[in-house]
Amino acid sequence: MIAFVTGPVAALAPDSAVVEVGGIGIAVQCTPNTLSGLRMGQQTKLATSLVVREDSLTLYGFVDDDERQVFELLQTASGVGPRLAQAMLAVHSPDALRRAIATSDERALTAVPGIGKKGAQKLLLELKDRLGEPVGAPAVGAPVTQGWRDQLHAALIGLGYATREADEAVAAVAPQAEAAEGTPQVGQLLKAALQTLNRAR
C-alpha cells in the first residue's frame with residue numbers, strides 16, 4: 001500500500017492534485033480542504049489511501065494520518081464507498097464526524113450530499129463504536145459555517161487565480177452558501193465559483 005506521497009505539487013484541479021515523486025506525476029484525489037493547503041511548485045506530504053477496483057487504481061490524499069484513518073473506517077460501513085467517505089470529509093473534519101456519531105447527530109450527516117435521513121440513521125448505528133472519541137475540544141465562538149470563505153478562497157488561489165478573481169468568485173457564491181442548510185459544502189461551492197470565473201473570462 002502507498003502510505004504517503006511527498007514531492008512538489010505539479011498540478012491542481014478542483015478535486016485532485018498531481019505530486020511529482022521521483023520524476024513521476026502521481027494523481028491524488030483530495031477534498032477541497034486538503035487542496036486549499038497546496039501550492040503549485042511547493043513541497044507537500046500527503047497521507048494516502050489506495051483504493052483498488054477491477055478497472056481502476058485510485059489514490060486518495062489527506063492532510064494527515066488521522067483523516068486517512070477516518071476515511072478508511074467510514075468505508076467499513078455498508079454502502080459507504082471511497083467517494084461518499086471523501087464527501088463526508090469534505091463537509092466535516094474527522095473530529096466533527098466523531099462528534100456527530102457519538103451524539104447521534106443525524107442533521108450533521110444529512111448535510112453530506114448523498115446521505116438521506118435513513119442512510120444517516122444506518123451510519124449512526126454501524127459507526128457508533130468504530131470512529132472513537134473526538135480528539136480535540138469543540139470550537140467555541142465562530143460557527144463552522146464561516147470557514148467556507150477561507151477554504152474556498154485558498155483553494156482558488158491554489159488553482160492559480162489572482163486574489164481579486166478569488167474575492168469576486170467567493171462573493172458570487174456567497175448567496176448560495178448562506179441559503180444552504182447546515183454547513184456549506186465547499187466542494188459544491190468551488191465548482192460554482194469556477195463556473196463564474198469561466199464565464200467572466
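Just the heavy atoms: all of them, side chains too, but no hydrogens, waters or symmetry mates, feed the values below. Numbers here are sequence positions counted from 1.
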(request) Please determine, by modelled atom types, if Arg130 and Thr76 share a side-chain donor-acceptor pair under 3.5 angstrom. (result) yes
(request) Heavy atoms only: give me the nearest Pro113-Leu84 pair and the separation to one decimal. (result) O-CD1, 3.8 Å
(request) Applying side-chain contact (heavy atoms from CB on, under 4.5 Å), run through Thr31 and Asp15 and close with a yes or a no. (result) CA-CA 6 Å; Thr31 64; Asp15 59 357; over 6 Å; no
(request) Might you work through the side-chain contact (heavy atoms from CB on, under 4.5 Å) test for Val19 and Thr44, ending with a clear yes or no? (result) CA-CA 8 Å; Val19 179; Thr44 189; 4.0 Å; yes
(message) So that I can tick it off, tell me whether Asp65 and Arg68 are bridged by a salt bridge, with the cut-off set at under 4.0 angstrom between side-chain N and carboxylate O.
(response) yes
(message) Check whether Gln86 reaches the backbone of Arg83 with its side chain - one donor and one acceptor, N or O, closer than 3.5 Å.
(response) no
(message) Test your reading of the model: is there a side-chain donor-acceptor pair from Thr110 to the backbone of Arg107, 3.5 Å cut-off?
(response) yes
(request) Flag yes if Leu73 and Leu125 sit in one hydrophobic cluster, no otherwise; membership is Ile, Leu, Val, Met, Phe, Trp, Tyr, and two members link when side-chain heavy atoms are under 4.5 Å apart. (result) no
(message) For Val28, run the side chain to side chain contact (heavy atoms under 4.5 Å, CB included) check against Thr34, Val5, Leu35 and tell me which one passes.
(response) Val5
(request) Examine distances only and state if a side-chain atom of Glu126 and a backbone atom of Ser78 form a donor-acceptor pair shorter than 3.5 Å. (result) yes
(message) Against Phe71, only a single residue in Asp66, Thr48, Leu89 fulfils side chain to side chain contact (heavy atoms under 4.5 Å, CB included); can you say which?
(response) Leu89
(message) Same cluster or not: Val51 versus Val18, using hydrophobic residues (I, L, V, M, F, W, Y) connected whenever any side-chain heavy atoms lie under 4.5 Å apart?
(response) no
(request) For the residue pair Leu127 and Leu74, establish whether any side-chain heavy-atom pair is separated by less than 4.5 Å. (result) yes
(message) Ignoring hydrogens, what is the shortest heavy-atom contact between Ala11 and Met40? Give both atom names and the distance.
(response) CA-SD, 3.6 Å
(request) Could you tell me which non-hydrogen atom of Leu46 sits nearest to which non-hydrogen atom of Cys30, and how far apart they are? (result) CD1-SG, 4.2 Å
(request) Hey, could you give me the CG/CD distance between Leu190 and Gln195, rounded to the nearest 0.5 Å? (result) 10.0 Å
(request) Determine, step by step, whether Arg98 and Leu131 satisfy the side-chain contact (heavy atoms from CB on, under 4.5 Å) criterion, reporting the C-alpha distance in whole Å, the side-chain angles of both residues, the deciding distance to 0.1 Å, and the verdict. (result) CA-CA 6 Å; Arg98 289 190 186 99; Leu131 294 191; 4.1 Å; yes
(message) Can you give me the closest heavy-atom contact between Ala171 and Pro175, atom names plus distance?
(response) O-CD, 3.6 Å
(message) With a sphere of 6.0 Å drawn around NZ of Lys45, does it hold more than 12 non-hydrogen atoms of other residues, nucleotides or ligands?
(response) no
(message) With a 4.5 Å cut-off on side-chain heavy atoms, are Arg53 and Thr58 touching?
(response) no
(message) Please say yes or no: joined through hydrophobic side-chain contacts below 4.5 Å, possibly via intermediate residues, are Leu194 and Val173 part of one cluster?
(response) yes
(message) If you define the side chain from C-beta out and look only at heavy atoms, does anything of Val70 sit under 4.5 Å from Leu97?
(response) yes
(message) Hydrogens and angles aside, do Glu72 and Ser49 bring a side-chain donor and acceptor to less than 3.5 Å of each other?
(response) yes
(request) Indicate yes or no: at least one non-hydrogen side-chain atom of Pro8 is less than 4.5 angstrom from one of Gln42. (result) no
(message) In the structure I gave you, are the side-chain heavy atoms of Leu59 and Gln29 within less than 4.5 Å of one another anywhere?
(response) no
(message) Same cluster or not: Ile24 versus Phe4, using hydrophobic residues (I, L, V, M, F, W, Y) connected whenever any side-chain heavy atoms lie under 4.5 Å apart?
(response) no
(request) For the pair Glu67 (side chain) and Val63 (backbone), establish whether a donor and an acceptor sit closer than 3.5 Å, ignoring hydrogens and angles. (result) yes
(message) Is there a side-chain contact (heavy atoms from CB on, under 4.5 Å) between Gln121 and Ser104? Walk through the geometry before answering.
(response) CA-CA 8 Å; Gln121 291 170 345; Ser104 298; over 6 Å; no
(message) In the structure I gave you, are the side-chain heavy atoms of Met88 and Leu123 within less than 4.5 Å of one another anywhere?
(response) yes
